[in-house]
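Every heavy atom of this structure was used, including side-chain atoms; hydrogens, water molecules and symmetry mates were not.
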Amino acid sequence: MTAETSQTLDRGLRVLKLLADTDHGLTVTELSNKLGVNRTVVYRLLATLEQHALVRRDLGGRARVGLGVLRLGRQVHPLVREAALPALRSLAEDIGATAHLTLVDGAEALAVAVVEPTWTDYHVAYRAGFRHPLDRGAAGRAILAARQQAVSDPGYTLTHGELEAGASGAAAPLLGVTGVEGSVGVVMLADAVPERVGPRVVDAAREVAEALR
């Protein structure tokens, strides 16, 4: 803490982070122990956060993240999309395929930014807002690969026909971006993804990650 920071705000944010890291919620006593402050301070923090719907308490008294956090989260997508667009445009034009940024939304993959190439005669129609299970399609599988592999760079993922008949996809996960779990990829009408596409997608994912840091 420095003279320019607020101790109360810092504690409130720490409460939210602690609650976000658990699926079962935390009691006042558990929060008190983790924060190193007395229960009265925790009660006040929770009451304030509840007023803004950022925290809710169940009948057993366990505190959990509230739905107000979702409303804040929705405002993140436009910022992420804006930061990613330059790299996506470059990727789409270079490969001649539809490029996309996909983020995790619960158990689904959600396309939040899509750029189509300007010079091709035809390409796959892929729209922002499109959802699909994380275990289907290159975008979701790349995210799962990053979760499962304890390495700094899991590379890229290739799929064919999992979301649309005749379409192939390539995607690479975003790495090193705190609070953002997603991937960058392309989808094209082809039986197989050309060899150079995978490494190019990895480069684009790296560019987006740098823009978001």
Side-chain angles (χ1 to χ4, degrees), residues 17 20 69-120 122-149 151-160 162-164 167-190 193-213:
K17 289 180 179 179
V69 172
L70 294 178
R71 289 193 291 272
L72 294 176
R74 292 190 191 104
Q75 302 308 311
V76 174
H77 286 175
L79 298 176
V80 173
R81 182 167 55 246
E82 182 178 352
L85 283 177
L88 293 180
R89 289 193 188 100
S90 176
L91 177 63
E93 293 299 310
D94 186 16
I95 300 301
T98 302
H100 55 85
L101 167 67
T102 298
L103 300 182
V104 172
D105 188 18
E108 295 182 313
L110 171 65
V112 299
V114 176
V115 176
E116 298 176 347
T118 60
W119 56 270
T120 55
Y122 58 87
H123 48 261
V124 176
Y126 198 83
R127 297 288 180 261
F130 177 65
R131 294 174 178 272
H132 60 84
L134 282 173
D135 61 355
R136 291 184 60 197
R141 290 187 181 276
I143 294 168
L144 293 178
R147 287 181 180 177
Q148 296 166 0
Q149 298 181 28
V151 295
S152 60
D153 186 355
Y156 55 88
T157 299
L158 304 178
T159 60
H160 176 71
E162 292 195 358
L163 296 177
E164 185 174 342
S168 293
L174 295 176
L175 301 174
V177 185
T178 303
V180 177
E181 189 177 23
S183 65
V184 170
V186 294
V187 58
M188 61 185 66
L189 292 172
V193 176
E195 185 175 340
R196 78 180 188 94
V197 173
R200 181 64 181 84
V201 166
V202 171
D203 289 341
R206 187 178 298 114
E207 292 175 25
V208 172
E210 291 174 354
L212 293 174
R213 292 190 187 118

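- The two residues Ala204 and Val184 have their closest heavy-atom pair at CB-CG1, 4.0 Å.
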### Task
Decide side-chain contact (heavy atoms from CB on, under 4.5 Å) for Phe130 and Leu163; before the verdict, give the C-alpha distance in whole Å, the side-chain angles of both, and the deciding distance to 0.1 Å.
CA-CA 11 Å; Phe130 177 65; Leu163 296 177; 4.1 Å; yes
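- Nearest heavy-atom pair, Ala172 versus Val201, reported as atom, atom and distance to 0.1 Å: N-CG1, 3.4 Å.
- The closest donor-acceptor contact from the side chain of Arg141 to the backbone of Asp135 lies under 3.5 Å.
- Other residues, nucleotides and ligands contribute at most 12 non-hydrogen atoms within 6.0 Å of the CD atom of Glu82.
- Annotation: the span from Leu110 atom CG to His100 atom NE2 amounts to 12.0 Å, rounded to 0.5 Å.
- Note that OG1 of Thr98 is 11.0 Å distant from CG of Leu88, once rounded to the nearest 0.5 Å.
- Using a cutoff of 4.0 Å between basic side-chain nitrogens and carboxylate oxygens, Glu116 and Arg127 are scored as salt-bridged.
- In this structure, CG in Leu189 is found 9.5 Å from OG1 in Thr120, a value given to the nearest 0.5 Å.
- Using a 4.5 Å heavy-atom threshold, the side chains of Met188 and Val197 count as touching.
- Here the shortest heavy-atom pairing between Leu175 and Ala146 reads CD2-CB, 4.4 Å.
- Under the 3.5 Å distance criterion, with hydrogens and angles disregarded, a donor-acceptor pair is assigned to the side chains of Ser90 and Arg200.
- Ala205 approaches Leu174 most closely through the heavy-atom pair O-CD2, 3.5 Å.
- One distance of note links CG of Leu101 with CG of Leu85; it measures 8.5 Å at 0.5 Å rounding.
- The two residues Pro117 and Gly96 make their nearest non-hydrogen contact at CG-C, 3.7 Å.
- Under the 3.5 Å distance criterion, the side-chain polar atoms of Ser168 are matched with a main-chain donor or acceptor of Ala190.
- For the pair Arg81 and Ala113, the tightest heavy-atom approach, listed with the atom from each and the gap, is CG-CB, 3.4 Å.
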#### Entry: Stepwise side-chain contact (heavy atoms from CB on, under 4.5 Å) check, Ile95 with Arg196
CA-CA 9 Å; Ile95 300 301; Arg196 78 180 188 94; 3.8 Å; yes
